[in-house]
Amino acid sequence: MPLGIRERLSPNQDSRGDPPNMRPINMLVLHYTGMQSAAAALDRLCDPAARVSAHYLVEEDGALWRLVPEARRAFHAGVSCWQGESDLNFVAIGIEIVNPGHEWGYRQFPEAQMIAVEELCRGILSRHRIPASRVVGHSDIAPDRKADPGELFDWPRLARAGIGLWPPPAPGLIRRRGRGVGVVQHAAALADLARVGYCLSSATEDVALAAFQRRFRPERWDGLLDAETCVRLAQVRMAVEAAQAARELARTRFR
Ligand SMILES: [Zn+2]
């Protein structure tokens, strides 16, 4: 456990399941609190009536709280889906990052907070085998309901620290913004979106695209499939595949 962590155990937790049905911890979900203050968020995450929680909460000054032990199931993902899998609380560790969110005045995540988030994530990744493609935001796994941690969250910084995937955009990409795409490109883009992990139905196509953009092209997240988004999708899909291939290779080497 990182130094200086404070503990306030939430009653909103239970077992991750019993063997042989127990699934391994293999996912990390980042959230923003979306409340007016850290104190209000802490109270809610520990209120038995609210039935919500997370494993950790990180305040804007970097102060860190542990609410649920990693070995237990916290209630943060809700109805969600990633890479075709649901009931993600069973396999996920959830971090709540204090920010008022889009409802109460969304703002930048301060440096002290990001340092703490980075350190916390690093520790979690050292304790559990979590593939890079399974470090996600809440909006990635519940795009029809959620927008957190949102377009101001510094995913590139975490990726540079080895936490999750965020390939740098190809140069010249921005010139393609707003340009329409044909039917073939559209189909390829949706296949890429699913390959990255987004769960799709005809009803959720635009919200999933907006979630992808929020994370990987945060300058504009209108949910419209333009040429820039297509190229970015292919880029991220290739990064996911490369990470998966590298994992597979490491597994066979050390067998
Ligand atoms: Zn959330």
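Remember, it's a predicted structure, so these values are computed and weren't measured experimentally. Every number for a ligand or one of its atoms is a count from 1 in the order of the listing. When reading the values below, keep in mind they use all heavy atoms of this one structure, side chains included, and skip hydrogens, waters and symmetry mates.
Minimum-distance N/O/S atom of His138 relative to the Zn ion (ligand 1): ND1. Within His31, ND1 is the N, O or S atom that lies nearest to the Zn ion (ligand 1).
Between Asp140 and Arg134 there is no salt bridge, since no side-chain nitrogen of the basic residue lies less than 4.0 Å from a carboxylate oxygen of the acidic one.
Exactly one of Thr33, Leu120, Val117, Asp148 qualifies for a side-chain contact (heavy atoms from CB on, under 4.5 Å) with Ile97. That residue is Val117.
The Zn ion (ligand 1) has no N, O or S atom of His76 inside 2.8 Å of it. For the Zn ion (ligand 1), the set of nearby N, O or S atoms under 2.8 Å includes one belonging to Asp148.
With no hydrogens or angles considered, no side-chain donor-acceptor pair links Tyr198 and Glu205 at under 3.5 Å. In the model, His138 has no side-chain atom that pairs as donor or acceptor with a side-chain atom of Glu96 under 3.5 Å.
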